[in-house]
Structures are given as structure tokens and as C-alpha cells.
**Q** 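There's a structure below that I have some questions on.
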Amino acid sequence: MKNPKSQQLTIYNTLTGQKERFEPLNPPYVGMYVCGPTVYNDVHLGNCRTFISFDVVFRYLQHLGYKVRYVRNITDAGHLENDADEGEDKIAKKARLEQLEPMEVVQRYTVGFHRIMERFNVLPPSIEPTATGHIVEQIQLIRKILDKGLAYEVNGSIYFDVKKYMESEPYGELSGRNVDELIAGTRELEGQSEKRSPLDFALWKKASPTHIMRWESPWGEGFPGWHLECSAMSTKYLGEQFDIHGGGMDLKFPHHECEIAQCKAANNKKPVRYWMHANMLTLNGKRMSKSTGNTLLPQEIFSGQNAFLSKPYSSAVVRFFILQAHYRSPLDISDEALQASEKGFRRLMEAKETLSHLKAGTVSDWDVQSAMARVYEAMNDDFNTPVAIAELFEIVRYINLMKAGEQHLCEKDLTELKDFFHRMVEDVLGLKDEQRSMLDTARLDAVIQVLIDMRQKARQDRNYALADQIRDQLLKAGIQLKDTKEGTTYTLL
RNA sequence: GGUUCUGUGGCCGAGUGGCUAGGCAGAGGUCUGCAAAACCUCGUACACCGGUUCGAAUCCGGUCGGAACCUCCA
């Protein structure tokens with residue numbers, strides 16, 4: 001384990017409501033499962049927040065030296081639209097609407113999802129299994145639950161028997177639900193319900209004649225229930241018990257509750273040691289919702305084509321903005337907030353660039369070791385990225401002071417800081433200056449240097465009109481010159 | 001209606017019993033040919049009303065906002 005300060009990582013476990021020391025089941029291996037997207041539509045920003053949050057978890061665990069198997073599924077089998085619908089599948093419905101094959105819809109949105117994730121610099125998971133690719137495993141899981149007597153068949157559909165399950169196991173422990181209250185609060189379904197109790201949930205649904213996505217099963221043609229895929233695939237790839245399960249807050253109930261029940265019913269084991277839930281993202285203080293028009297797609301932010309923001313923002317800025325809040329806090333996105341983050345992000349990136357050119361002094365006259373330790377302390381405290389970033393900004397101040405020659409680090413400390421800063425910013429937080437990296441920097445450097453030299457000559461000749469013209473026109477082109485004691489450098493805005 | 005969470009300075013957002021969060025914006029200063037950048041200094045915030053405590057933004061109760069879930073949803 002290469003934890004520089006040998007501090008202990010703690011994780012807030014939704015199941016217990018407490019921060020707990022993270023101790024993997026089989027160190028150095030860590031199994032992590034995160035509920036992925038349903039690919040019947042464009043990913044929206046809220047999804048992205050969740051995946052960015054868990055991307056940092058994945059990256060930090062790796063940084064600490066753990067060997068992580070990160071599984072994030074693609075829900076391509078679709079979920080039921082509603083009970084009254086007798087099994088219309090979201091993907092099937094969309095397919096009919098657009099005259100496409102279901103798998104064509106799935107393909108299109110899966111590719112779109114991957115593109116967005118890549119732009120956000122979200123690492124691909126170790127395994128990205130699809131629900132449709134694991135029908136066999138899901139059927140096996142249903143069989144196991146049936147054999148235990150914890151599910152029942154009605155007209156070719158299989159339902160999980162919550163009441164029976166509760167005779168031996170608690171239901172609702174993750175979400176703090178009281179089952180009696182839940183039943184009391186259940187509205188009467190229109191039409192007939194095959195379920196014995198309103199809390200029962202489908203493991204397998206019989207396909208109606210119009211249902212396009214259907215598979216053979218021991219109970220006739222049908223499709224898997226809403227919650228089954230995650231249980232089947234997490235068990236397959238991570239085992240009956242694994243370390244971390246993540247997802248958005250809204251999945252706590254019923255989805256994750258059902259997952260726990262399914263796994264416990266099948267394997268008699270608590271499937272997950274640490275449950276993690278990321279909070280919601282709101283837009284201008286309100287939840288995003290298509291019906292009210294209060295939505296924002298990632299590509300609409302990048303392009304600036306939207307009704308909420310004054311200008312486009314890069315994916316790196318949005319990622320930075322998201323990491324400036326803790327994953328368990330609600331976060332509100334707005335133009336002002338993004339502008340502030342954009343400035344802060346540039347400051348951080350500038351400092352990173354500055355640091356790479358710094359020369360060592362003979363002695364260190366500031367405490368770089370404890371500065372770095374504070375960043376780790378923050379990350380170890382339930383992945384507290386906002387505090388980690390705040391601590392990085394403290395280091396930024398020193399970087400700028402060192403550039404000005406007012407602070408120094410010895411060779412060893414400077415080398416360590418350079419390595420640390422790069423790894424923390426780029427590898428762990430996943431922040432990189434995409435503007436800079438997309439350019440042919442060597443050639444641009446040479447071109448700008450010509451202009452810098454010309455301006456310098458003009459200044460020496462006291463031809464300030466020309467000097468300022470060069471400076472101002474470059475600024476208009478998004479290139480800002482910076483005069484320092486060591487000479488002039490430039491920044492891309 | 002029920003469950004869970006939340007309300008912090010101009011904005012965003014950490015903190016959760018006594019001690020500077022941080023970013024952005026704003027004011028003053030240093031530097032500069034002038035600027036910009038950078039650095040230094042400056043804000044005495046914690047929805048409201050009670051209570052516990054030597055001491056509360058932080059704990060408890062109530063009131064009023066906001067969010068999620070209870071129905072597919074990150």
C-alpha cells in the first residue's frame with residue numbers, strides 16, 4: 001500500500017449512516033459496482049455528476065495502491081414504464097416511436113454516453129456489462145430465489161415475496177423505510193395486480209404480444225425485472241460479497257433495497273459492505289425535469305446552446321465545478337457558479353504549468369510535507385474533494401510565491417511536490433487542461449515567442465502603442481500575456 | 001401525507017460544540033511605462049423561534065423554505 005501518509009481512508013456508509021474505516025474484503029483487491037445509465041435517452045448532467053463522483057473514488061482507490069475491479073452496468077433491457085402498461089418496455093417504446101430496432105436505440109445512446117464520459121475524462125470501468133448480455137445469469141438468480149421459496153409465479157411472471165422474506169430478514173434497512181407505512185401509503189393500482197402484496201416486485205415479467213424485447217425462460221417468453229440485472233451482474237463479476245456499491249441517491253429505494261433482498265435471498269449473505277450514494281444536481285435551484293424545461297444536457301453546456309448559461313463551458317470546467325462540492329451534498333449549477341469555477345480552474349492549471357518549470361533552491365522554507373498531507377487527509381475523509389481542492393489552492397499560492405522567488409523548496413521536496421501535484425490533479429481528480437493539450441503547443445509557443453520578442457523590442461524603444469497593440473490583440477484572440485521578473489509568458493483563456 | 005436529507009457572507013461551497021476553509025466577485029496596497037497576472041491586507045456569515053451548555057452556525061425541539069424517495073429516474 002503506497003499511502004504516503006499512511007492515513008486511513010474512511011467512507012460514509014449509507015447502510016449504517018456513519019463514516020467507517022475502509023477495509024476491503026480481500027486486500028489489495030477492491031470490488032466496486034456502480035449503477036450505470038439506462039440507454040434509452042441522452043445522459044443528463046445529473047447522471048454525469050454521479051459517474052464523475054465515482055470516477056474519483058475509482059481513481060483514488062487506485063492511487064492508494066488498491067487493485068480495483070470497477071463494474072458499471074449498461075441497462076439496455078429497459079425498465080417497465082408502469083404497472084398498468086402490462087409490460088411496455090421503455091426501450092421498446094422508444095424504438096417504436098422512432099422506427100428503430102431496440103438494439104439500435106441502445107447502440108446509439110451507449111455510444112453517446114461513452115463519448116460524454118470520455119469528454120468528462122471519466123475512466124472506463126473495468127467491466128461494463130449489459131443487462132441483455134446476462135439474461136442467463138438473471139434467470140439462474142430467479143431460480144435460486146424460487147427454490148428458497150421467496151418468490152412466486154403468476155401467469156408467467158415471477159414476483160419477489162417481500163412478506164416471506166421479512167420473516168427472516170429486514171427489508172428497508174438501507175432507506176430507513178418502515179414496511180407497514182409503505183403498505184399503508186400504497187395507492188390502489190388500477191386494474192388487476194398479480195402481486196400478493198403491493199411491495200412485491202417483479203423478478204421476471206411475461207412479455208405481452210407487442211413487447212419487442214423478449215427472451216425464453218422456464219416461465220415462458222418474457223424479460224427480467226427492474227432490479228435483477230444489478231444483483232446478477234455484481235454477483236457474477238464481484239462475488240456474493242463485495243466492497244463498494246454506488247449510485248445516485250434516488251436509487252436507494254426501491255432499487256438498492258431490492259438488490260439487497262435479491263442477493264440475500266439467493267446467497268444468504270449481505271452483498272455489499274459499503275453503500276455509497278451521490279447526491280442530486282439541481283439547475284437554478286430546481287430539479288431537472290424535461291416536463292418543466294428545466295434541463296441541461298452536457299453537450300448543451302459545451303456548445304453554449306442553451307437557455308441557462310451565458311457562454312459555453314468546457315467539460316473540464318464542469319468536472320472541476322462538480323468536484324468543488326462534496327458528492328453527498330446537493331449541488332446547484334448556475335451560470336455564476338460555473339464562471340467562478342472556470343476562473344478557479346484556470347488558476348489551478350496555471351499553477352500546475354508554473355510548477356513544472358520551477359527550479360529547486362538549497363533549502364525548503366515552507367512546509368510542503370504537511371501541505372500535501374492535508375490534501376490526503378481531505379481525500380481520506382470520505383473523498384472530500386472540495387476540501388482537497390481548497391488545500392491544493394494553498395499550495396498554488398506557494399507555487400506562485402516560489403515563481404516570484406519569495407519561497408523555495410530543496411531539490412527533494414520540489415521533486416516530490418511536482419510528482420504529487422501532477423498525480424493528485426491529473427490522476428486522482430482527473431483534471432487536465434484540455435485546451436492546452438489539444439493544441440500543437442510547441443509550434444504555438446514558437447509563434448507567440450516571436451510576438452513576445454517584438455513587443456519587448458517595442459517596449460525598449462518606448463513604442464508603447466505598438467507594444468500594447470500586440471498585447472491587446474493577442475488578448476482578443478484569447479491569449480493573455482503575463483509579464484514577470486523572469487520574462488513574459490502567456491496563457492490561453 | 002410518510003421517509004430521508006438540506007438551509008452558511010454578494011455568488012458557489014467546506015466545516016458540525018470553543019480555534020483562518022477554499023474559489024469567484026468587491027475594496028486597498030506592492031509590482032508595472034500603463035495594464036494584466038502574481039503576491040499582501042480587508043468580509044466577522046451560518047433561515048427563524050425556543051431549549052441544553054461556561055460556550056452553538058455546529059446538539060435538542062418547533063416554525064418556515066428547498067431537494068430526493070414513496071411510481072421508471074444518477
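So you know, we letter chains A, B, ... as the sequences are listed, proteins then strands, and number each from 1.
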**Q** Would you say A:Asp453 and A:Gln449 are linked by a side-chain donor-acceptor pair, where the criterion is simply a distance under 3.5 Å?
**A**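 There is such a pair between these side chains.
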**Q** Within this structure, what is the CZ-to-C1' distance between A:Phe253 and B:rG2, rounded to whole angstrom?
**A**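 The answer, rounded to whole Å, is 12 Å.
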**Q** Which of these, A:Phe120, A:Tyr70, A:Phe58, A:Phe113, sits in a ring pair (Phe, Tyr, Trp, His ring centres under 6.0 Å) with A:Phe51?
**A**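 Passing option: A:Phe113.
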**Q** To the nearest Å, give me how far apart CG (A:Asn73) and P (B:rA74) are.
**A** 10 Å
**Q** Could you check whether A:Tyr60 and A:Asn380, counting side-chain N and O atoms only, form a donor-acceptor pair closer than 3.5 Å?
**A** yes
**Q** Could you check how far CG of A:Asn384 sits from C1' of B:rG13, rounded to whole Å?
**A** 11 Å
**Q** In whole Å, measure the gap between the C1' atoms of B:rG15 and B:rG9 for me.
**A** 15 Å
**Q** Say we look at B:rU58 and B:rG7: how far apart would their C1' atoms be, to the nearest angstrom?
**A** 14 Å
**Q** Given B:rG33, B:rA68, B:rC40, identify the nucleotide with an atom nearest to the side chain of A:Met280.
**A** B:rA68
**Q** Using only heavy-atom distances, determine whether the side chains of A:Ser329 and A:Asn279 contain a donor-acceptor pair under 3.5 Å.
**A** no
**Q** B:rU4, OP1 or OP2 - any side-chain N/O from A:Asn279 closer than 4.0 Å?
**A** no
**Q** On RNA chain B, check which nucleotide each of A:Leu45 and A:Tyr464 is closest to and give me the residue with the more 5' one.
**A** A:Tyr464
**Q** Under a 3.5 Å cut-off for both contacts, is B:rA38 paired Watson-Crick or G-U wobble with anything, and if yes, with which nucleotide?
**A**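 Matched B:rA38 with B:rU30 under the 3.5 Å cut-off.
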**Q** Taking only the C1' atom of each, what is the distance from B:rG10 to B:rA27 in whole angstrom?
**A**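 Per the computed distance, 13 Å lies between those C1' atoms.
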**Q** For A:Gln480 and B:rA38, what is the distance between atoms CD and C1' respectively, to the nearest whole Å?
**A** 11 Å
**Q** Return the pairing partner of B:rC5 with a 3.5 Å limit on both distances, Watson-Crick or G-U wobble; otherwise return none.
**A**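 When the pairing criteria are applied, B:rG66 turns out to be the nucleotide that pairs with B:rC5.
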**Q** So which nucleotide from B:rA68, B:rA35, B:rA74 ends up closest to the side chain of A:Arg455?
**A** B:rA35
**Q** Within the modelled atom types, does a donor on one side and an acceptor on the other bring the side chain of A:Asp483 and the base of B:rA35 under 3.5 Å apart?
**A**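 Pair found.
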**Q** What is the base-pairing partner of B:rC24, counting Watson-Crick and G-U wobble geometry with both distances under 3.5 Å?
**A**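 B:rG10 is the nucleotide pairing with B:rC24.
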**Q** Would you indicate, yes or no, if B:rA14 has its OP1 or OP2 atom less than 4.0 angstrom from a side-chain nitrogen or oxygen of A:Ser329?
**A** yes
**Q** How is A:Leu281 classified with respect to the nucleic acid when contacts are heavy atoms under 4.0 Å: base, sugar-phosphate, or nothing?
**A**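 Touches a base.
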**Q** For A:Glu128 and A:Asn73, does a side-chain donor sit closer than 3.5 Å to a side-chain acceptor?
**A** no
**Q** Need to verify one output field. Residue with the more 5' nearest nucleotide on RNA chain B, A:His44 or A:Lys403?
**A**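 With A:His44 and A:Lys403 compared, the 5'-side residue is A:Lys403.
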**Q** Answer with yes or no whether the side chains of A:Asn47 and A:Thr50 bring together a donor and an acceptor at under 3.5 Å.
**A**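 Absent: no donor and acceptor within the cut-off.
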**Q** Describe the nucleic acid contact of A:Gly46 in one word from base, sugar-phosphate, nothing, applying a heavy-atom distance below 4.0 Å.
**A** base
**Q** Say we look at B:rC48 and B:rG66: how far apart would their C1' atoms be, to the nearest angstrom?
**A**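 These two C1' atoms come out 15 Å apart once rounded.
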**Q** Can you check the A:Gln456 CD to B:rU32 P distance for me, whole Å?
**A**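 So the CD-P distance, A:Gln456 to B:rU32, works out to 14 Å.
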**Q** Determine whether any donor atom in the side chain of A:Asp468 lies under 3.5 Å from an acceptor atom in the base of B:rG33, or the reverse, and answer yes or no.
**A**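 Per atom types, the contact qualifies.
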**Q** Under 3.5 Å, is there a donor on one side chain and an acceptor on the other for A:Glu350 and A:Thr354?
**A** no
**Q** How long is the line joining CD1 of A:Ile74 and P of B:rA74, in whole Å?
**A** 12 Å
**Q** Say we look at B:rU6 and B:rA14: how far apart would their P atoms be, to the nearest angstrom?
**A**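 The answer is 11 Å between these two P atoms.
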**Q** Would you kindly say whether A:His277 and A:His256 are connected by a side-chain donor-acceptor distance under 3.5 Å?
**A** yes
**Q** For nucleotides B:rG62 and B:rC69, find the distance between their C1' atoms and express it as a whole number of Å.
**A**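 The same atom, C1', in both gives a distance of 25 Å.
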**Q** Is the base of B:rA38 touched by the side chain of A:Arg397 through a donor-acceptor pair closer than 3.5 angstrom?
**A**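 Checked by distance alone, the answer is no.
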**Q** Provide the distance between the two C1' atoms, one in B:rU4 and one in B:rG51, to the nearest whole Å.
**A** 25 Å
**Q** Detail all sub-3.5 Å separations between protein N/O atoms and N/O atoms belonging to nucleotides 21-31 of chain B.
**A**
{"unit_1": "B:rA25", "atom_1": "OP1", "unit_2": "A:Lys343", "atom_2": "NZ", "d": "2.8"}

**Q** Between B:rC34, B:rA68, B:rC39, which one does the side chain of A:Glu406 approach most closely?
**A** B:rC39
**Q** Taking atom P in both B:rU20 and B:rU44, what distance in whole Å separates the two?
**A**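 So the two P atoms sit 15 Å from each other.
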**Q** Look at all strands and tell whether A:Ala278 reaches a base, only sugar-phosphate, or nothing, counting heavy atoms closer than 4.0 Å.
**A**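 Contact class for A:Ala278: none.
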**Q** Partner lookup for B:rC59, please. Criteria are Watson-Crick or G-U wobble with both distances under 3.5 angstrom; report none if nothing qualifies.
**A**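 Because both required distances fall under 3.5 Å, B:rC59 counts as paired with B:rG51.
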**Q** Side chains of A:Tyr159 and A:Lys205: any donor to acceptor distance under 3.5 Å?
**A** yes
**Q** Among A:Glu353, A:Arg347, A:Arg346, find the one that has a side-chain contact (heavy atoms from CB on, under 4.5 Å) with A:Met349.
**A**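 Among the candidates, only A:Arg346 passes.
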**Q** Atom CG of A:Leu331 and atom P of B:rA74: how far apart are they, to the nearest Å?
**A** 18 Å
**Q** Would you classify A:Pro37 as touching base, sugar-phosphate or nothing, given that sugar-phosphate means primed atoms plus P, OP1 and OP2, and contacts are heavy atoms under 4.0 Å?
**A** nothing
**Q** Whole-Å distance between B:rG13 P and A:Phe321 CZ?
**A**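 Taking atom P of B:rG13 as the reference, CZ of A:Phe321 is at 6 Å.
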